[in-house]
Amino acid sequence: MKRKDPENAEKTLTKLGSAGTEYPFDYDPSVLETFENKHTGNDYFVKFNCPEFTSLCPITGQPDFATIYISYIPGRKMVESKSLKLYLFSFRNHGAFHEDCVNIIMKDLIKLMKPKYIEVWGKFLPRGGISIDPYCNYGKPATEYEDMASFRLANHDVYPERVDNR
């Protein structure tokens with residue numbers, strides 16, 4: 001499937017629809033692909049709920065399981081969802097603390113898409129009786145989205161969820 005990027009150059013989405021999908025065995029941001037946002041005049045959120053995220057503790061090598069929430073207001077580019085799935089899968093054998101995982105994901109997506117605003121929230125299952133839910137965000141500097149990021153960071157957990165099944 002071919003799409004045109006904002007500069008009108010041809011770009012092939014190589015992951016979407018591919019029957020021969022290869023899964024990366026370690027962290028690999030190169031699998032991420034984008035496509036053109038056809039609604040650049042509108043501000044809107046795109047939200048991904050990723051309930052099967054796994055990574056490894058960098059000290060013990062034990063697996064960590066989480067739901068990763070990614071919400072962003074696109075600029076000119078958007079992330080293609082199958083490539084995002086493969087990217088998140090690439091953390092499967094990657095050793096990183098929970099806080100590192102969400103920040104790495106956010107920074108890679110900023111580099112890839114240059115969104116107006118993005119936030120990444122990891123809700124990790126407990127190990128040793130403690131669950132860790134790191135949250136990070138970014139708003140494009142010197143814009144209303146930078147102010148939005150500051151506000152949402154300060155207020156992101158004002159209404160925490162009831163946790164009765166983790």
Side-chain angles (χ1 to χ4, degrees), residues 1-18 21-24 27-55 64-92 94 96 98-125 132-161:
M1 175 184 232
K2 292 197 178 233
R3 307 256 180 174
K4 293 188 177 192
D5 70 15
E7 288 74 37
N8 295 322
E10 290 292 313
K11 167 113 171 83
T12 302
L13 294 175
T14 62
K15 311 298 185 251
L16 185 61
S18 173
T21 301
E22 293 184 26
Y23 290 87
Y27 167 71
D28 185 5
S30 73
V31 300
L32 288 166
E33 295 182 342
T34 62
F35 62 94
E36 182 179 349
N37 175 9
K38 294 182 181 179
H39 307 281
T40 56
N42 298 348
D43 279 350
Y44 60 97
F45 269 105
V46 176
K47 183 174 183 182
F48 293 101
N49 300 313
C50 314
E52 298 176 346
F53 181 83
T54 59
S55 61
D64 291 313
F65 302 90
T67 297
I68 301 291
Y69 299 95
I70 301 167
S71 297
Y72 72 99
I73 300 173
R76 292 171 38 169
K77 294 182 181 181
M78 301 175 72
V79 66
E80 191 279 314
S81 61
K82 185 173 181 183
S83 76
L84 179 64
K85 177 182 83 168
L86 294 172
Y87 166 73
L88 293 173
F89 183 86
S90 81
F91 281 83
R92 172 78 172 83
H94 182 68
H98 305 343
E99 300 85 353
D100 294 331
C101 289
V102 298
N103 278 282
I104 290 166
I105 292 166
M106 183 184 72
K107 289 176 181 179
D108 284 344
L109 291 173
I110 291 168
K111 183 177 177 182
L112 177 76
M113 299 184 296
K114 297 176 182 52
K116 296 174 183 177
Y117 174 83
I118 189 169
E119 59 190 33
V120 179
W121 195 347
K123 297 204 174 197
F124 286 81
L125 293 177
I132 302 172
D133 296 346
Y135 170 90
C136 57
N137 73 5
Y138 160 87
K140 188 174 180 181
T143 69
E144 62 189 311
Y145 308 104
E146 183 176 40
D147 296 337
M148 179 181 170
S150 294
F151 179 81
R152 287 180 71 97
L153 183 62
N155 293 284
H156 91 94
D157 212 10
V158 171
Y159 303 105
E161 80 277 5

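Note that the numbering runs from 1 along the sequence shown for the chain.
With contacts defined as side-chain heavy-atom distances shorter than 4.5 Å, the pair L153/Y135 qualifies. For the pair L86/D28, no side-chain contact is recorded, criterion being any heavy-atom separation below 4.5 Å from C-beta on. Contact annotation: the side chain of D64 never approaches that of T54 to less than 4.5 Å [non-hydrogen atoms, C-beta and beyond]. Side-chain contact between V79 and Y87: absent, with no pair of heavy atoms (C-beta onward) separated by less than 4.5 Å. Side-chain contact check for D108 versus Y27: some heavy-atom pair is nearer than 4.5 Å. Contact check for E99 versus I132: side-chain heavy atoms found under the 4.5 Å cut-off. Residues E146 and P141 form a side-chain contact, since some pair of their non-hydrogen atoms from C-beta on lies under 4.5 Å apart. Within the 4.5 Å cutoff, the side chain of I105 has heavy atoms near those of the F91 side chain.
R152 CZ: more than 12 foreign heavy atoms inside a 6.0 Å radius. Crowding of E52 atom CD: a count of heavy atoms from other residues, nucleotides or ligands under 6.0 Å not exceeding 12.
Residues S81 and F48 share a closest heavy-atom pair of CB-CE2, 3.8 Å. Across all their heavy atoms, A149 and G139 have their closest contact at CB-N, 3.5 Å. Considering every non-hydrogen atom in both L32 and L84, the closest pair reads CD2-CA, 3.9 Å.
With rounding to the nearest 0.5 Å, the separation of NZ in K116 from OG1 in T40 is 7.0 Å. Atom CG in N49 sits 8.0 Å away from atom OG1 in T67 (nearest 0.5 Å). Rounded to the nearest 0.5 Å, atoms CE (M113) and CD (E80) are 12.0 Å apart. Remark: S71 OG to E119 CD distance equals 5.0 Å, nearest 0.5 Å. The NE2 atom of H98 sits 7.0 Å away from atom OG of S55, with the distance rounded to the nearest 0.5 Å. Atom CZ of F45 sits about 4.0 Å away from atom CD1 of I73, to the nearest 0.5 Å.
Checking T34, N37, L112 one by one against K77, the side chain to side chain contact (heavy atoms under 4.5 Å, CB included) holds for a single residue, T34. Shown are W121, Y117, Y72; of these, the side-chain hydrogen bond (donor to acceptor under 3.5 Å, both in side chains) with N137 is made only by Y117.
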